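A quick write-up on the structure given underneath.
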Amino acid sequence: MNLLTFLHRWIGVVLALFMLFWFASGSIIAFVGSPSIGRADQLAHGASLTPEDGWLSLGDVLRLSASARAKAAMPMRGRDDDHAKASPDGIIVDARLARIDGAPFWLTEDDRGRRFAISARDGGVEEFSIERAQRIARDWIRQDGGLAIPLKYIDTSDSPVGVRNAQALKPFHHFALADGSGTNVIVSARSGEVAQVATRTQRAFAYVGAWLHLFRWLDLFGAGEYRRAALSWVGFFAATGALTGLILGWIRWRPGHFGRPTYARGRTQPYREFWFKYHFWAGLIGGSFAALWAISGYLSTNPWQIFSPATANREELTRYLGSDLPHIVAQWKPDALLAIDANVVELGWGRLGNEAVLVAYRRDGARQALTLAQTKSRFDDDTLLAAAQRLRGGTRIASHELLSAYDSYYFPGHRQGLSEKPLPVLRVVLADAGRTSLYIDPLDGRLLARVDASRRAYRWLYSAVHHWDFGFFHHRVVWYGWMATWIALGLALAASACVLGWRRLRRTISAGAVVGIIKKAASLQIGEAR
């Protein structure tokens, strides 16, 4: 009991203010979200592709750009740098043809997450200039109705707040829109894509949310590589503080059931002073959720790598896709005779082994496979199952099923839709020790998710109790009401902990200072006596 009290008291003194900011910033992430541009927005603002004669094939641009990509590519953090240097040309996992600033580009991504915009006219790797990025930003704003609003260049940087895939898309050009709302437009110099359009208020929320909650402020001190470790340790102590407080609360609660004694004058808790009573009831009612959030937040950092990776590794992805581009993918050249309408803004290749599908993406997010010689309207089950079996080195397939609705492990996150999590999806269950489930897009063959026994545990231990993204919580009204209630109790608990922590700290410092003065006076008197 004394140990529990000691741990809870001093963890609270140290982390009370932090927990208050953590709850506040977490509520902003939950209710406001990130101002980053999603896939649906990218498509909605895309220019009509309208292919022309003379455009190069994917194979041609990869061959012509090989040396430039090798020079520009930096090994991704956390990978084997020596291996990356020895093999600079990664496996292409995504290749899309789009018009950017009026010019055609193959937008590629390899298995290390590196992205490039390669000209479909000459095979050159593009680094989008400030002037070109400004035209891209202006065209985006024009489509949103801002026809005559001036756009001013601010700067170019690597780490804007609230941008997804910042490592793969950096550097970024920043532009300010003179619209009275302080709107900024951020354009990737690497891919030419608009990464963020945010007002001053949205940026402020992004700073308070992700910047504080996810420790992005460590980047200011050049300590970004320690972010995960810092979050892990702080999450551990926060969870310890919440659990010890919850245990103490239940021990000290005396509701008087079954004739058991209560405290003096019928009180069910031992405190008379307002802040202690306030903290007790906030902790007893909301402490369970505070503990769940703290523990799940700690687990989200994957301490000691107790959970398996969320994505396939390089070797698995190579086996799944096949290391070489199919002949049709490498050689096919778009031309003016391609029968697509003006609403098609991108063409993308899906490939598995020696087979390929060419997919047209429309402004409304709809997708359609184009029928060409040596391509299919979609991958057949045999091709998909063979790729799934290759992923794990020939592991036998236990079952497979085409899902037309989301399940507990494949579903859209907050503010995601069909563009990010398409349906239908093929679920393939492997006969391995972890009963690994693979979720595969049957249209283009993409591996959308891999869930083994470890990731299933992660889903329930972290995502379910941190985001409440299961069952009837998918109804947004229920979710908002539920989250608002428990976040409010968490804020109340943290606020009262700040008051009590400050009082304890002030008394301790004052008592220590008095003891120090007494000891110093005593030593002086002894010295004078001598």
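Every heavy atom of this structure was used, including side-chain atoms; hydrogens, water molecules and symmetry mates were not. Predicted, not measured: the structure shown is a model, and the values here were computed from it.
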Exercise. Between the side chain of Arg96 and the main-chain N/O of Thr108, is any donor-acceptor distance below 3.5 Å?
Worked result: no
Exercise. Ion pair present between Glu346 and Arg99, side-chain N to carboxylate O less than 4.0 angstrom?
Worked result: no
Exercise. Parallel, tilted or perpendicular: which describes the rings of Phe236 and Trp233, with under 30° parallel and over 60° perpendicular?
Worked result: perpendicular
Exercise. Between CG of Leu64 and OG of Ser119, what distance do you get to the nearest 0.5 Å?
Worked result: 9.5 Å
Exercise. Would you call Arg362-Asp341 a salt bridge at under 4.0 Å N-O?
Worked result: yes
Exercise. Run the side chain to side chain donor-acceptor pair (under 3.5 Å) check on Ser157 and His174 step by step: do they pass?
Worked result: CA-CA 8 Å; Ser157 65; His174 296 226; 2.9 Å; yes
Exercise. Taking all non-hydrogen atoms of both residues, which atom of Gly46 and which atom of Val345 are closest, and how far apart?
Worked result: O-CG1, 3.5 Å
Exercise. Going by distance alone, is a donor N or O of one side chain under 3.5 Å from an acceptor N or O of the other, for Arg363 and Ser48?
Worked result: yes
Problem set entry | Non-hydrogen side-chain atoms of Leu231 and Val234 separated by less than 4.5 Å | no
Exercise. Roughly how far, to the nearest 0.5 Å, is OG1 of Thr318 from CZ of Arg390?
Worked result: 11.0 Å
For this session: Begin from the C-alpha positions of Phe116 and Trp106 and carry the test ring-ring contact (aromatic ring centres under 6.0 Å, His included) through to its verdict.
Result: CA-CA 8 Å; Phe116 296 97; Trp106 282 101; over 10 Å; no
For this session: Can you see which heavy atom on Ile28 is nearest to which on Phe205, and at what distance?
Result: CG2-O, 3.4 Å
For this session: Find the distance between CD1 (Ile136) and CG (Asp101) and round it off to the nearest 0.5 Å.
Result: 5.0 Å
Exercise. Between Thr383 and Glu355, do the side chains contain an N or O donor and an N or O acceptor separated by less than 3.5 Å?
Worked result: yes
Exercise. Are Val344 and Tyr361 side-chain neighbours, meaning at least one heavy-atom pair lies under 4.5 Å?
Worked result: no
Exercise. Between the main-chain N or O of Tyr410 and the side-chain N or O of Arg427, is there a donor-acceptor pair closer than 3.5 Å?
Worked result: no
Exercise. Do Ile340 and Pro51 come close enough that some side-chain heavy atom pair is under 4.5 Å?
Worked result: yes
For this session: Check whether any side-chain heavy atom of Trp332 lies under 4.5 Å from a side-chain heavy atom of Leu372, and answer yes or no.
Result: yes
Exercise. Is the shortest heavy-atom distance from the side chain of Val185 to the side chain of Val194 under 4.5 Å?
Worked result: yes
Exercise. Counting N and O atoms only, with roles assigned by atom type, does the side chain of Asp110 sit under 3.5 Å from a partner on the main chain of Arg114, one being a donor and the other an acceptor?
Worked result: yes
For this session: Could you tell me whether Asn354 atom CG has more than 12 heavy atoms of other residues or ligands within 6.0 Å of it?
Result: no
For this session: Mind checking the CD1-CD spacing from Ile141 to Gln143? Nearest 0.5 Å is all I need.
Result: 10.0 Å
Problem set entry | Heavy-atom closest pair, residues Leu438 and Ala388 | CD1-CB, 3.6 Å
Exercise. Which is it for Ser188 and Arg115 under the side chain to side chain contact (heavy atoms under 4.5 Å, CB included) test, yes or no, and what are the steps along the way?
Worked result: CA-CA 11 Å; Ser188 168; Arg115 297 189 183 189; over 6 Å; no
For this session: Would you please indicate yes or no on a ring centroid separation below 6.0 angstrom for Trp293 and Trp22?
Result: no
Exercise. Which atom names give the shortest non-hydrogen contact between Thr156 and Pro171, and what distance separates them?
Worked result: CG2-CB, 4.0 Å
Exercise. What pair of heavy atoms forms the shortest contact from Leu448 to Ile440, and how long is it?
Worked result: CD1-C, 4.2 Å
For this session: Examine distances only and state if a side-chain atom of Ser129 and a backbone atom of Arg132 form a donor-acceptor pair shorter than 3.5 Å.
Result: yes
Problem set entry | Option from Tyr480, Phe411, Trp479 for which ring-ring contact (aromatic ring centres under 6.0 Å, His included) with His474 holds | Phe411
Exercise. For His45 and Asp144, does a side-chain donor sit closer than 3.5 Å to a side-chain acceptor?
Worked result: yes
For this session: Would you sort out whether Leu321 and Leu352 count as a side chain to side chain contact (heavy atoms under 4.5 Å, CB included), showing the intermediate values?
Result: CA-CA 5 Å; Leu321 292 174; Leu352 291 174; 4.2 Å; yes
For this session: For residues Ile100 and Leu107, determine if any side-chain heavy atom of one lies less than 4.5 Å from a side-chain heavy atom of the other.
Result: yes
Exercise. When the aromatic ring centroids of His467 and Phe473 are compared, is their separation below 6.0 Å?
Worked result: no
Problem set entry | Cationic N near anionic O, under 4.0 Å, Arg435 to Asp452 | no
Exercise. Could you state the interatomic distance from OH (Tyr320) to CD (Gln389), rounded to the nearest 0.5 Å?
Worked result: 13.0 Å
Exercise. Do Ser463 and Asp469 have a side chain donor and acceptor closer than 3.5 Å?
Worked result: yes
Exercise. Is Arg446 salt-bridged to Asp444, cutoff N-O under 4.0 Å?
Worked result: yes
Problem set entry | Carboxylate-amine/guanidinium proximity below 4.0 Å for Arg121 and Glu52 | yes
Exercise. Is it true that Asp364 and Arg367 make a salt bridge, defined as a side-chain N closer than 4.0 Å to a carboxylate O?
Worked result: no
For this session: State whether the number of non-hydrogen atoms from other residues, nucleotides or ligands found under 6.0 Å of Phe21 atom CZ is greater than 12.
Result: no
Exercise. Closest approach of Ser308 and Ser454, non-hydrogen atoms and distance?
Worked result: N-OG, 2.9 Å
Exercise. Hey, mind stepping through Gln134 and Leu151 against side chain to side chain contact (heavy atoms under 4.5 Å, CB included) and telling me if it holds?
Worked result: CA-CA 8 Å; Gln134 191 168 30; Leu151 193 67; 4.1 Å; yes
For this session: Using only heavy-atom distances, determine whether the side chains of Tyr439 and Asp407 contain a donor-acceptor pair under 3.5 Å.
Result: yes
For this session: Please confirm whether the backbone N or O of Thr199 pairs with a side-chain atom of Gln202, one donor and one acceptor, at under 3.5 Å?
Result: yes
Exercise. Is the ring centre of Phe128 less than 6.0 Å from the ring centre of Phe105?
Worked result: yes
For this session: First locate atom CZ of Arg69, then atom CG of Leu62, and finally report the distance between them rounded to the nearest 0.5 Å.
Result: 5.0 Å
Exercise. Got a donor-acceptor contact below 3.5 angstrom from the Ser296 side chain to the Leu461 backbone?
Worked result: no
Problem set entry | salt_bridge(Arg39, Glu420) N-O dist < 4.0 Å | no
Problem set entry | Any donor-acceptor pair under 3.5 Å from Arg378 side chain to Val357 backbone | no
Exercise. Can a salt bridge be assigned to the pair Lys333 and Asp335 using a cut-off of 4.0 Å between side-chain N and carboxylate O?
Worked result: no
Exercise. Would you say Ser232's side chain and Ala229's backbone share a donor-acceptor pair under 3.5 angstrom?
Worked result: no
Exercise. Between Glu316 and Arg450, is there a salt bridge with N-O shorter than 4.0 Å?
Worked result: yes
Exercise. Side chains of Ile154 and Phe175: does their closest heavy-atom pair fall under 4.5 Å?
Worked result: no
Problem set entry | Whether Asn184 side chain and Ala198 backbone form a donor-acceptor pair below 3.5 Å | no
For this session: Apply side chain to side chain contact (heavy atoms under 4.5 Å, CB included) to Phe215 and Tyr226, showing your working.
Result: CA-CA 10 Å; Phe215 285 21; Tyr226 301 109; over 6 Å; no
Problem set entry | Donor-acceptor contact present, side-chain Tyr406 to main-chain Lys421, <3.5 Å | yes
For this session: Side-chain contact test, heavy atoms from C-beta onward, threshold under 4.5 Å: evaluate it for Pro442 versus Phe379 and give yes or no.
Result: no
